[in-house]
4 protein chains.
Amino acid sequence: MSGSTLGRLFRVTNFGESHGPAIGCVIDGCPPGMALSEADIQHDLDRRRPGTSRHVTQRKEPDAVEILSGVYEGRTTGTPIALLIRNQDQRSKDYGEIAQQFRPGHADYSYWHKYGLRDPRGGGRSSARLTAPTVAAGAVARKWLKEKYGTQFRACMTQLGELPIAFEGWEHVQGNPFFAPVADVQRLEDYMDALRKAHDSCGARIRVQATGVPAGLGAPLYDKLDADIAKVMMGLNAVKGVEIGAGFASVAQRGSVHGDAITPAGFASNHAGGVLGGISSGQDIEVSIAIKPTSSILTPRPSIDIHGAPVQVVTKGRHDPCVGIRAAPIAEALLALVLMDHALLQRAQCADVVQVPPPVAANYQ
Amino acid sequence: MSGSTLGRLFRVTNFGESHGPAIGCVIDGCPPGMALSEADIQHDLDRRRPGTSRHVTQRKEPDAVEILSGVYEGRTTGTPIALLIRNQDQRSKDYGEIAQQFRPGHADYSYWHKYGLRDPRGGGRSSARLTAPTVAAGAVARKWLKEKYGTQFRACMTQLGELPIAFEGWEHVQGNPFFAPVADVQRLEDYMDALRKAHDSCGARIRVQATGVPAGLGAPLYDKLDADIAKVMMGLNAVKGVEIGAGFASVAQRGSVHGDAITPAGFASNHAGGVLGGISSGQDIEVSIAIKPTSSILTPRPSIDIHGAPVQVVTKGRHDPCVGIRAAPIAEALLALVLMDHALLQRAQCADVVQVPPPVAANYQ
Amino acid sequence: MSGSTLGRLFRVTNFGESHGPAIGCVIDGCPPGMALSEADIQHDLDRRRPGTSRHVTQRKEPDAVEILSGVYEGRTTGTPIALLIRNQDQRSKDYGEIAQQFRPGHADYSYWHKYGLRDPRGGGRSSARLTAPTVAAGAVARKWLKEKYGTQFRACMTQLGELPIAFEGWEHVQGNPFFAPVADVQRLEDYMDALRKAHDSCGARIRVQATGVPAGLGAPLYDKLDADIAKVMMGLNAVKGVEIGAGFASVAQRGSVHGDAITPAGFASNHAGGVLGGISSGQDIEVSIAIKPTSSILTPRPSIDIHGAPVQVVTKGRHDPCVGIRAAPIAEALLALVLMDHALLQRAQCADVVQVPPPVAANYQ
Amino acid sequence: MSGSTLGRLFRVTNFGESHGPAIGCVIDGCPPGMALSEADIQHDLDRRRPGTSRHVTQRKEPDAVEILSGVYEGRTTGTPIALLIRNQDQRSKDYGEIAQQFRPGHADYSYWHKYGLRDPRGGGRSSARLTAPTVAAGAVARKWLKEKYGTQFRACMTQLGELPIAFEGWEHVQGNPFFAPVADVQRLEDYMDALRKAHDSCGARIRVQATGVPAGLGAPLYDKLDADIAKVMMGLNAVKGVEIGAGFASVAQRGSVHGDAITPAGFASNHAGGVLGGISSGQDIEVSIAIKPTSSILTPRPSIDIHGAPVQVVTKGRHDPCVGIRAAPIAEALLALVLMDHALLQRAQCADVVQVPPPVAANYQ
């Protein structure tokens with residue numbers, strides 16, 4: 001409480017406002033003895049960074065991370081790891097007009113009613129900038145999970161606005177600013193340019209996957225693995241929907257189809273998305289999230305000010321025409337943080353469970 | 001830890017197995033002084049009860065709740081409220097064959113890998129029977145929220161298998177076993193009968209709504225209201241997807257449309273689903289969940305046993321051909337538990353916030 | 001929240017009032033696969049039970065425990081273990097007069113101000129009866145710790161009122177109703193009889209010890225092992241002081257004496273009481289607690305009623321002339337619960353730590 | 001987890017090592033709208049600072065605090081408040097010899113067994129330097145409690161080594177480096193000088209008091225106010241004992257004396273120390289703690305190194321000959337943090353409790 005800590009055993013406390021002096025996080029509960037350096041974390045932050053393409057926010061933040069504690073002679077000590085990122089490129093004057101108004105689709109109105117005041121600069125605490133510390137913490141979790149279990153995380157865009165994006169291969173994701181799994185993104189570029197001209201925005205659908213996941217993660221009843229995944233994903237700025245495996249398509253499926261059959265060679269399908277009864281089965285974890293269109297657009301929107309008088313709101317400044325474009329690395333980090341927390345929880349309670357055959361079922365390809 | 005407690009301030013600890021002596025919960029943190037009796041709780045349990053129509057599980061459980069503590073002379077004392085429900089109609093012999101096998105789509109496989117053993121009778125801890133204590137606790141939360149804020153909860157089915165169900169009115173929901181908001185459910189009945197004959201099952205989509213919600217509930221960053229809603233919903237047995245407001249339809253929307261405009265008379269739309277920036281805006285909270293088809297069907301399914309040898313699994317016994325048919329009252333209870341927890345959290349941190357105009361915007365109808 | 005849950009990974013939620021239908025607890029997080037039966041738990045409850053000597057409360061409660069969940073075919077499943085104890089010998093009429101008054105030294109006054117109401121029968125939630133579920137949960141923890149590490153717990157009385165009790169040997173503790181480590185308790189019996197005649201009460205000092213404790217338990221900064229021990233002990237009814245190792249005698253010691261020297265054969269002393277820097281060192285854990293005299297005495301005491309008018313309070317009924325007489329088994333249980341929780345926490349974070357020499361230092365005898 | 005967070009609603013996460021780049025904390029859950037500046041916090045840090053007298057550690061740290069988040073235009077926003085203190089005067093070369101050895105009375109041995117490694121410089125995470133962020137957070141809590149309830153905190157030394165210090169008046173505490181409540185501290189100065197010459201150290205006893213405490217704080221059973229107070233105090237570096245009210249003197253008291261009588265004018269005594277049944281009564285909270293003698297002394301002590309070979313350890317460097325001399329402001333901060341947390345908890349659960357007469361009893365003087 002109140003709200004800025006994620007996890008129970010691998011605990012990440014996030015602090016900062018978009019235009020404050022600094023943002024960062026404190027990780028408590030990291031196992032000791034793991035090699036860790038700023039470079040390990042910086043890599044993930046750079047993937048997320050604004051200003052890396054013309055389709056995203058033009059705020060120039062180096063997002064250089066500094067490790068303030070918890071690492072000694074290059075190894076984690078088991079004590080809290082504090083990560084600091086100084087804000088540098090805040091342009092507060094871009095937000096001057098907004099302070100008295102409630103921008104439609106933004107958190108202004110609800111923050112006003114909750115706190116009675118708000119830091120309006122750059123969205124304050126509600127800004128997507130606060131995903132940077134989350135990604136930083138995620139980098140630590142990813143490193144540990146990879147070293148222990150070979151777990152890996154990747155995400156890609158599967159829909160941009162109303163354009164579906166067919167999956168050609170993971171190898172394409174790094175080669176375009178959309179994190180799209182396709183070789184040619186020209187139609188996506190054209191779509192975005194048209195949107196920008198129209199002073200409007202669109203949403204996106206992101207697929208997030210984890211491979212090499214050990215079976216047994218998840219704590220029924222209420223702290224199930226998929227429940228915690230849904231929580232972190234829905235908590236990500238602008239997310240309005242979360243699916244695991246077949247997701248909403250499950251509604252129209254038959255039980256004789258949806259239930260993944262098991263053979264001695266492994267699972268025959270993966271409608272479950274890697275989670276059965278709230279616990280990982282060893283299959284790939286497959287998650288899909290829906291990101292709403294950016295609320296900050298140049299098109300004037302009707303709203304009211306703090307006195308209740310009608311106004312037209314135009315959100316100037318540097319904004320992503322599609323927030324979802326930067327979501328992929330953040331979603332990967334969030335999934336890693338959940339798996340990390342549950343991996344430690346599983347160690348706590350079930351360290352003595354002798355893994356009896358059958359061996360983990362092979363993944364459906 | 002490990003996993004059976006929901007909430008931080010209105011804390012519900014759930015215990016029990018499907019075929020054990022009893023199931024129940026302990027509620028810690030309920031405000032004192034509220035009138036409470038078994039009847040208040042029994043009402044909600046009866047709505048959930050199996051055996052109330054021919055389309056649901058034919059297990060006959062009276063689900064009579066007993067209050068063991070926390071209530072004195074008809075009022076809550078502020079001390080833990082323990083609720084007990086004795087199991088009576090367990091037919092363990094129906095499950096004898098299953099103990100050595102992993103039923104596809106069920107938790108058997110993942111529980112095996114997590115705990116190294118499992119109570120196979122009736123699904124043990126993974127059974128939907130354990131939603132009864134959740135509903136019981138939800139009844140307490142609903143009572144308090146209604147008395148304090150006038151908050152009310154309701155849910156209905158919006159899709160059965162591949163059949164969409166158009167919304168005619170809330171008044172129809174209580175009149176049919178599907179919780180469908182329509183006057184005539186004959187086609188749904190026919191659909192279910194055909195399914196039963198085919199020894200198969202289907203999924204369902206449920207809409208859950210809360211009205212009279214105070215603004216300001218939700219704790220950014222990680223304990224946002226919609227994040228916690230997603231968690232409890234995804235944690236409900238058989239749920240594979242959760243949406244808030246426009247949900248996955250947001251992807252294809254434009255920012256100029258999705259962002260709900262505000263006028264002095266109130267919000268002009270509710271694509272946000274009542275949550276902005278993770279905090280309630282005062283608008284109705286609108287949630288939609290996807291429930292997968294029942295995994296327990298009479299059609300044989302390929303699987304393996306605990307030695308890894310291939311088997312054909314037939315899950316006999318008394319099973320819902322559509323689990324989603326009983327989900328509505330459970331989803332209402334879950335939403336109530338989340339709002340209750342956040343209402344107390346808001347009191348903790350923001351009791352002194354003076355609500356400055358503008359007044360809460362009226363809901364879009 | 002609010003207050004009735006102990007532990008983070010081995011979580012015990014306690015419910016019940018002294019004169020309600022039942023008391024009990026739910027244990028969440030117990031490792032799976034351990035043999036457990038009612039008999040394992042009943043043994044510890046019987047040691048605590050009222051009515052086992054003429055010096056303690058004459059309320060006759062069998063305190064028969066029933067396991068409602070979490071055990072299957074004699075082994076823990078890893079799911080919550082609910083333990084129920086029905087109240088039988090409540091004599092509510094003994095408390096009729098008290099309901100409008102605040103008994104000095106009791107919780108009445110503070111409960112009134114906190115909750116605005118209270119269950120006055122038998123002290124309601126503030127009664128020492130609620131230590132029974134704690135002892136029941138402690139039995140489960142003790143069993144696991146003994147099987148895993150050979151850890152054992154024992155406690156004895158070291159002072160009764162103003163009478164110091166010299167330590168002769170642990171073997172005497174079970175042979176007298178005082179849990180005193182001496183062969184002859186006649187002077188203690190005489191002291192108590194005189195106290196009873198005088199309608200008064202006295203306090204007690206209890207020593208609690210754990211042997212066979214693994215090194216490494218405790219989580220600096222704030223969840224140190226000794227900090228958590230202090231918490232559970234001070235939280236026990238009637239406790240007003242807690243010491244670890246040399247305790248308050250440390251104040252007058254020199255650093256050259258207090259700091260326990262280490263030799264290749266082991267520690268040369270144990271002023272630390274088994275905890276260094278908040279983490280167990282492998283030495284015996286030594287705790288001492290101060291229990292205040294029973295507040296319920298037949299001597300009239302000045303007080304006020306709920307209207308503020310002066311009254312003379314006489315607490316009739318069946319009360320311990322020295323509450324501390326039953327404290328030993330409860331203190332053992334509390335220490336076990338703390339060590340259990342920290343053992344799981346250590347597994348969570350440090351499972352991969354390779355124990356490098358030197359070997360655990362031997363205990364100072 | 002793991003261990004570096006204090007509180008549930010007013011949550012303080014502490015990070016840093018003695019010789020790392022920085023130390024600090026993140027406060028989550030502070031109510032919004034309170035005026036707060038670095039100056040408010042710096043004041044308390046200066047009282048704690050090393051190098052302010054010749055009897056304490058001669059490390060020169062300005063301990064300048066920087067607010068990184070959670071404050072906007074001079075008022076708390078309700079979002080996390082991150083406080084940063086850069087380390088400046090680390091002299092790592094003083095610690096070179098110690099890295100391979102376990103200093104008696106220190107955490108070295110237990111940290112080694114817990115984590116498998118440790119940062120040896122200046123005690124790493126186990127250093128009392130980490131009380132600085134605690135004091136910083138305490139300053140925020142003190143401000144809020146003072147503004148809301150008029151609560152105030154003060155502490156003084158009541159015993160130095162074997163010298164008892166009689167209480168003359170609170171007004172003397174600020175006038176000497178011992179926080180002693182006496183006009184003339186010459187004998188204390190002489191005592192310390194003799195100790196320093198002897199290359200040894202002594203302990204101290206500290207009294208901590210809170211006045212203007214609202215009744216009703218504390219959450220039975222396990223999160224009682226005195227239990228949480230005991231936890232934070234025992235968790236403070238070098239503390240070996242905690243008492244509330246009459247403390248260990250309660251053992252020899254009679255119930256007819258210990259139980260504080262109540263009159264229409266107020267309580268007639270305060271043996272309870274302000275806590276009844278684990279809940280504040282409105283009386284002054286009185287706590288006493290025992291601090292052990294500093295383990296770091298120039299007198300050689302026998303120990304072993306990491307290979308188990310015997311060594312003589314001499315802890316050079318700049319160390320307090322009596323750690324307890326700086327404890328008073330830290331103990332005040334800790335008590336404030338506990339009361340703050342419980343004040344919010346009380347608001348969460350009992351905001352609607354109508355305070356019925358009688359009025360809060362006056363304090364015994």
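Chain naming here is simple, since letters A, B, ... match the order of the sequence lines and numbering starts at 1 in each.
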Heavy-atom contacts under 4.5 Å, residues 76-83 of chain B to chain C
T76(B), T77(B), G78(B), T79(B), P80(B), A82(B)

Top of G70(B), G24(B), P31(B) for chain C proximity - count of heavy-atom pairs under 4.5 angstrom:
G70(B)

Between chain B and each of L117(C), N14(C), V71(C), count heavy-atom pairs under 4.5 Å; write down the option with the most.
L117(C)

Answer yes or no: is there a side-chain heavy-atom contact under 4.5 Å between I23(B) and S69(C)?
no

To check you understand the geometry: which heavy-atom pair defines the closest contact between R121(B) and Y72(C), and what is its length?
NE-CE1, 3.4 Å

Residue from C25(B), G20(B), P32(B) scoring the most non-hydrogen pairs under 4.5 Å with chain C is P32(B)

Where is the tightest heavy-atom contact between L84(B) and L84(C), given as atom of each residue plus distance?
CD2-CD2, 4.3 Å

Where P21(C) and L68(B) come nearest, the two heavy atoms and their spacing:
CD-O, 3.1 Å

Qualifying salt bridge (charged side-chain N to carboxylate O under 4.0 Å, His left out) pairs with a residue from residues 138-149 of chain B, counting only residues at least two apart or across chains:
D44(B)-R142(B), R142(B)-E332(B), K143(B)-E147(B), K148(B)-D352(D)

Rounded to the nearest 0.5 Å, what separates atom CD1 in I27(B) from atom OG1 in T13(C)?
12.0 Å

Is R125(B) close to chain C through its backbone or its side chain, or both, or neither, when contacts mean heavy atoms under 4.5 Å?
side chain

Any salt bridge between R86(B) and E66(C), counting N to O under 4.0 Å?
yes

